[in-house]
Amino acid sequence: GAGVSQSPSNKVTEKGKDVELRCDPISGHTALYWYRQSLGQGLEFLIYFQGNSAPDKSGLPSDRFSAERTGGSVSTLTIQRTQQEDSAVYLCASSGGTSYEQYFGPGTRLTVT
Amino acid sequence: AQSVSQHNHHVILSEAASLELGCNYSYGGTVNLFWYVQYPGQHLQLLLKYFSGDPLVKGIKGFEAEFIKSKFSFNLRKPSVQWSDTAEYFCAVKYTGGGNKLTFGTGTQLKVEL
């Protein structure tokens, strides 16, 4: 079946603008995760959804970052008033059942100029 | 804080050489362990995982990893690498009681030369 999809694949924005990144998980997967990969860094956890609720938001770096998930499916990560340090690849993953195996999407490369 | 260390950031090998990539994690009780691989231009894919049982786990493409609890390590091995193994390799840990998030190492860039 289809894997995790993310859009856009690339986003260039000016400092101070808001951006929305979208994730469409594997059908039937109840868990959804957002990670960030900055240059030279590993993947940094941002937020985890189980269904539509987010029991773990501990990785969101500031209140400029928010995320929502509707209908237990698509999720949107919003970054307000973007800063240059927000430039990174934003990865989404989903998992189902009890295996905890996370399936990753291709990512959105965000560049803030 | 929970953390994962990958000691080798860049590794260059010739085809047919043996590979071992180190991964150590900070103590945090029971863990689930993963190795992910990212081939050039592709997204992250699971290579292998350890949940319980035999500490030597085998994954795809001839890779294996050994969980040594006393050393908090989960090193990745392959007896004979191929040019097509050129990729970035990430070790990841799920800590029980830490939610479902994965804590990743910073990755090891492997280049296999012909």
Side-chain angles (χ1 to χ4, degrees), chain A residues 2-7 9-10 21 23-26 29-51 53-61 67 69 75 88-109, chain B residues 1-10 21-26 28 30-53 57 59-60 65 74 76 87-109:
Chain A
V4 178
S5 61
Q6 293 185 245
S7 61
S9 54
N10 280 284
L21 312 179
C23 172
D24 203 337
I26 292 172
H29 278 189
T30 56
L32 186 149
Y33 313 80
W34 285 98
Y35 293 87
R36 177 169 74 172
Q37 184 177 20
S38 305
L39 192 63
Q41 307 270 338
L43 279 77
E44 172 191 16
F45 168 78
L46 298 178
I47 187 169
Y48 155 60
F49 286 92
Q50 182 63 44
S53 64
D56 190 349
K57 305 178 183 179
S58 62
L60 293 178
R69 189 180 185 194
S75 175
V89 176
Y90 289 82
L91 292 167
C92 177
S94 69
S95 67
T98 58
S99 73
Y100 304 118
E101 179 177 335
Q102 296 183 19
Y103 294 83
F104 283 82
T108 293
R109 182 175 297 278
Chain B
Q2 295 159 344
S3 64
V4 179
S5 298
Q6 291 182 243
H7 317 296
N8 315 101
H9 298 294
H10 291 90
L21 301 183
C23 173
N24 287 88
Y25 62 94
S26 60
T30 304
V31 293
N32 299 138
L33 300 159
F34 305 82
W35 275 97
Y36 280 86
V37 60
Q38 189 168 26
Y39 297 103
Q42 298 187 26
H43 58 271
L44 275 168
Q45 302 170 40
L46 182 68
L47 202 53
L48 49 78
K49 61 189 177 187
Y50 172 81
F51 284 177
S52 63
V57 293
I60 60 172
F74 190 56
L76 180 71
E88 190 158 17
Y89 293 81
F90 294 91
C91 180
V93 178
K94 177 189 170 302
Y95 289 89
T96 300
N100 285 353
K101 67 184 179 188
L102 294 178
T103 301
F104 282 85
T106 52
T108 297
Q109 185 68 52

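Computed over heavy atoms, backbone and side chain alike; hydrogens, waters and symmetry mates excluded. So you know, we letter chains A, B, ... as the sequences are listed, proteins then strands, and number each from 1.
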| At their closest point, which heavy atom of A:Asp56 faces which heavy atom of B:Lys101, and how far apart are they? | OD2-CD, 3.8 Å

| Taking atom CD of A:Gln102 and atom CG of B:Leu46, what is their separation to the nearest 0.5 Å? | 10.0 Å

| query | With respect to chain A, which residue among B:Thr106, B:Leu102, B:Thr103 yields the maximal number of heavy-atom pairs within a distance under 4.5 Å? | reply | B:Leu102

| field | B:His43 NE2 to A:Cys92 SG distance, which is reported to the nearest 0.5 Å | value | 12.0 Å

| field | Sole candidate of A:Phe104, A:Tyr35, A:Tyr103 that passes ring-ring contact (aromatic ring centres under 6.0 Å, His included) when paired with B:Tyr36 | value | A:Phe104

| message | So for atom CD1, which belongs to B:Ile60, do other residues, nucleotides or ligands contribute more than 12 heavy atoms lying within a distance under 6.0 Å? | response | yes

| field | Top contributor to chain B interface from A:Leu91, A:Leu43, A:Ile47 [non-hydrogen pairs under 4.5 Å] | value | A:Leu43

| remark: When the 4.5 angstrom heavy-atom criterion is applied to B:Gln38 and chain A, the contacting part is side chain

| field | Interchain contact, B:Asn32 with chain A, by part (heavy-atom threshold 4.5 Å) | value | side chain

| query | For the rings on A:Phe45 and B:Phe104, is their centre-to-centre separation under 6.0 Å? | reply | no

| task | Begin from the C-alpha positions of B:Phe90 and A:Gln37 and carry the test side-chain contact (heavy atoms from CB on, under 4.5 Å) through to its verdict. | result | CA-CA 12 Å; B:Phe90 294 91; A:Gln37 184 177 20; 3.3 Å; yes

